[in-house]
Novice: 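Quick one: the structure is below, questions incoming.
What you see is a predicted model; the values in this text were computed from it and never measured. Numbered from 1 within each chain, the chains take letters A, B, ... in sequence-line order.
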Amino acid sequence: QQQVKQSPQSLIVQKGGIPIINCAYENTAFDYFPWYQQFPGKGPALLIAIRPDVSEKKEGRFTISFNKSAKQFSLHIMDSQPGDSATYFCAASIDSGTYKYIFGTGTRLKVLA
Amino acid sequence: NAGVTQTPKFQVLKTGQSMTLQCAQDMNHEYMSWYRQDPGMGLRLIHYSVGAGITDQGEVPNGYNVSRSTTEDFPLRLLSAAPSQTSVYFCASRQADSSGNTIYFGEGSWLTVV
């Protein structure tokens, strides 16, 4: 119940394409869903996040779509660029006072020039 | 602003050796944690701390010890290194008052056990 399942494991798109990365969870107590972006040789960094009270959040070219009934959320990257090539992790957490973020297994994205 | 600083960046150990990965943060964050990252496994929580003097186990704690004597520092000790501990290790910190607070990661420590 604590798992966050992420797919696909890897993704290759052409420049300008719209890669979509999906995550699914079981625990309905999760109340915060961030996406982290990691470039090679670096630590992950927060990209965008959403709470269950909204169905979509957009920041620049990055959009999270959230489906509470299906317990799924996804990251869309509009007009993808070679500089977006990175590994993306979804995560989920509970505002319970404990420090428990559950991360997905990651998606390695390559955007071809 | 240095953020989360990890040392060393790279380390090669022989099986059975012990070592300490250092982590320091300058953001006065209550929460600190250690993750390991392995191909296809994502980020797995090793140990975490909700404040000085308080630590707890995460998902994969075996073979590792931690302590939190100050708010700033959270070292990770490998007691007797094994090849299965070859991984990339990330230290992270965040403020305590909401699950929505951003986790800040260090740049990672690449550990190889031969």
Novice: Taking only heavy atoms into account, what residues of residues 5-13 of chain A are found under 4.5 Å from chain B?
Specialist: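 Contacts with chain B: A/Gln9.
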
Novice: Do side-chain atoms of A/Tyr36 reach the backbone of B/Ile103 as a donor and acceptor pair under 3.5 angstrom?
Specialist: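 Flag set: sc A/Tyr36 to bb B/Ile103 pair under 3.5 Å.
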
Novice: Tell me whether A/Phe39 shares a hydrophobic cluster with B/Phe10, the cluster being built from Ile, Leu, Val, Met, Phe, Trp, Tyr side chains joined at under 4.5 Å.
Specialist: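 No, A/Phe39 does not connect to B/Phe10 through the hydrophobic network.
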
Novice: Give me the atom names and distance for the closest heavy-atom approach of B/Phe90 to A/Gly43.
Specialist: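 The answer is CE2-CA, 3.3 Å.
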
Novice: How long is the straight-line distance from OH of B/Tyr31 back to OH of A/Tyr101, given to the nearest 0.5 Å?
Specialist: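 Interatomic distance, A/Tyr101 OH to B/Tyr31 OH, rounded to 0.5 Å: 10.0 Å.
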
Novice: Using non-hydrogen atoms and a limit below 4.5 Å, what part of residues 104-113 of chain A faces chain B?
Specialist: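 Heavy-atom contacts from residues 104-113 of chain A to chain B are A/Gly104, A/Thr105.
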
Novice: Provide the full list of salt bridge (charged side-chain N to carboxylate O under 4.0 Å, His left out) pairs with a residue in residues 59-72 of chain A, sequence neighbours left out, each pair given once.
Specialist: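 As it turns out, the salt bridge (charged side-chain N to carboxylate O under 4.0 Å, His left out) pairs with a partner in residues 59-72 of chain A, which skip direct neighbours, are A/Glu26-A/Lys71, A/Lys57-A/Glu59, A/Arg61-A/Asp84.
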
Novice: Can you list everything that forms a side-chain contact (heavy atoms from CB on, under 4.5 Å) with A/Gln72? Sequence neighbours excluded, please.
Specialist: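 With sequence neighbours excluded, A/Gln72 shows a side-chain contact (heavy atoms from CB on, under 4.5 Å) to A/Ala24, A/Ala70, given in chain and number order.
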
Novice: Under 4.5 Å between side-chain heavy atoms, hopping through other hydrophobics if needed: is there a path connecting B/Met19 to B/Leu76?
Specialist: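 Same cluster: B/Met19 reaches B/Leu76 through Ile, Leu, Val, Met, Phe, Trp or Tyr contacts under 4.5 Å.
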
Novice: Checking A/Pro34 against chain B: side chain, backbone, both or neither under 4.5 Å from a heavy atom?
Specialist: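 For A/Pro34, no heavy atom lies under 4.5 Å from chain B.
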
Novice: Between OG1 of A/Thr87 and CG of B/Leu43, what distance do you get to the nearest 0.5 Å?
Specialist: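 Taking OG1 in A/Thr87 and CG in B/Leu43, the distance rounds to 10.0 Å.
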
Novice: For the CD atom of B/Gln37 and the CZ atom of A/Phe103, what is their distance to the nearest 0.5 Å?
Specialist: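 B/Gln37 CD to A/Phe103 CZ: 10.0 Å, rounded to 0.5 Å.
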
Novice: Can you hop from A/Phe66 to A/Val54 via hydrophobic side chains spaced under 4.5 Å?
Specialist: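 Linked, A/Phe66 and A/Val54 end up in one cluster.
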
Novice: Among the clusters formed by ILVMFWY side chains lying less than 4.5 Å apart, do B/Tyr89 and B/Val114 turn up in the same one?
Specialist: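 Each belongs to a different hydrophobic cluster.
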
Novice: Which distance, rounded to the nearest 0.5 Å, do you find between the CD of A/Gln38 and the CZ of B/Phe105?
Specialist: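 A/Gln38 atom CD to B/Phe105 atom CZ measures 8.5 Å (nearest 0.5 Å).
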
Novice: Are A/Ile20 and A/Val4 connected in a single hydrophobic cluster, I mean Ile/Leu/Val/Met/Phe/Trp/Tyr linked by side-chain heavy atoms less than 4.5 Å apart?
Specialist: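 Looking at the clustering, A/Ile20 is in a separate group from A/Val4.
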
Novice: Pick whichever of B/Glu59, B/Lys9, B/Glu107 has the most heavy-atom pairs under 4.5 Å with chain A.
Specialist: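 If we count pairs closer than 4.5 Å to chain A, B/Glu107 comes out on top.
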
